[in-house]
Colleague: 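Structure incoming, see below.
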Amino acid sequence: VAGAAEMATLFPTTIAPDVLGSPGGSPFGPASVEFGFEVPQGSPGELEALGNGMRNAGGWFGDQLSKVQTSGRLALEAGGGWGGQASSAFSELSGHLIQTLSGNQFACDQAGIALGQLSKALEHAQQATRQALADCVRLHGEMVTQQGAANDAATRASTLEQAANNPLEH
């Protein structure tokens, strides 16, 4: 069974300490808060990379599981006269190791799937929020323009009303 050094190679080493951002300040830049909402912070790419690392770790645990199963089967079925307490202890320990490796494989695979889904959800939320923000900016600009036009029309109407009420002054 491979060691911790091999496991360490499964994960990227350049991942930011907090790929979802942090309340005290995001490693991905300041949050933009306009019109009462902010674009969700975080890096979908880094979440995806972590997910890939977890799936790779799941594969590594699966490989180790296969190796333990194969070597256990060979040791117990080889018929080399190995029996008694040693055979029983080996069988018990390898059974425990197989359960542990299988559980680790499943957990890593599930974590990889969850991180991949989170990456996609974060990316979608960021895109939708940015689009909503752009729509708000555009519509606010249109509203300001229409308010200006309404003010101009009101000023013209007031001027015309004054001229109509006082025809001799104009």
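Values in this document were obtained by computation on a predicted structure and should not be read as measured data.
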Colleague: Can you name the nearest heavy-atom pair linking Leu122 to Leu47, along with the distance?
Modeller: CD2-CD1, 3.8 Å

Colleague: Between atom CG of Asn165 and atom CG of Leu160, what is the distance when rounded to the nearest 0.5 Å?
Modeller: 11.0 Å

Colleague: Identify, with sequence neighbours excluded, every residue that meets ring pair (Phe, Tyr, Trp, His ring centres under 6.0 Å) alongside His140.
Modeller: Phe35

Colleague: When rounded to the nearest 0.5 angstrom, what is the spacing between CZ in Arg138 and CG in Leu133?
Modeller: 12.0 Å

Colleague: Can you list the residues that meet the side chain to side chain contact (heavy atoms under 4.5 Å, CB included) rule with Ser102, with sequence neighbours excluded?
Modeller: Leu65

Colleague: With sequence neighbours left out, write down each residue that passes side chain to side chain contact (heavy atoms under 4.5 Å, CB included) with Leu93, or none if nothing qualifies.
Modeller: none

Colleague: Is there a side-chain contact between Met143 and Leu139 in this structure, where contact means two heavy atoms from C-beta onward sitting under 4.5 Å apart?
Modeller: no

Colleague: Which residues pass the side chain to side chain contact (heavy atoms under 4.5 Å, CB included) test with Asp109, sequence neighbours left out?
Modeller: Gln105

Colleague: How many angstroms lie between atom NZ of Lys67 and atom CG of Leu101, to the nearest 0.5 angstrom?
Modeller: 11.0 Å

Colleague: Going only through I, L, V, M, F, W and Y residues with side-chain contacts under 4.5 Å, is there a path from Phe37 to Val137?
Modeller: yes

Colleague: Is the side chain of Gln41 donor-acceptor paired with the backbone N or O of Val39 at a distance under 3.5 Å, no angle test?
Modeller: yes

Colleague: Rounded to the nearest 0.5 Å, how far does CD of Gln69 lie from CG of Leu97?
Modeller: 10.0 Å

Colleague: With sequence neighbours left out, what residues match Thr70 under side chain to side chain contact (heavy atoms under 4.5 Å, CB included)?
Modeller: Arg73, Leu74

Colleague: Is the side chain of Ser158 donor-acceptor paired with the backbone N or O of Ala154 at a distance under 3.5 Å, no angle test?
Modeller: no

Colleague: To the nearest 0.5 Å, what is the distance between CD on Gln64 and CD1 on Ile98?
Modeller: 12.5 Å

Colleague: Can you list every side-chain hydrogen bond (donor to acceptor under 3.5 Å, both in side chains) pair that touches residues 114-137, not counting sequence neighbours?
Modeller: Gln131-Asp135

Colleague: Could you grab the distance from atom OG of Ser94 to atom CD of Gln99, nearest 0.5 Å is fine?
Modeller: 10.5 Å

Colleague: Does a side-chain heavy-atom distance below 4.5 Å link Cys108 with Trp60?
Modeller: no

Colleague: Assess whether atom CD of Glu142 is packed by more than 12 heavy atoms of other residues, nucleotides or ligands within 6.0 Å.
Modeller: yes

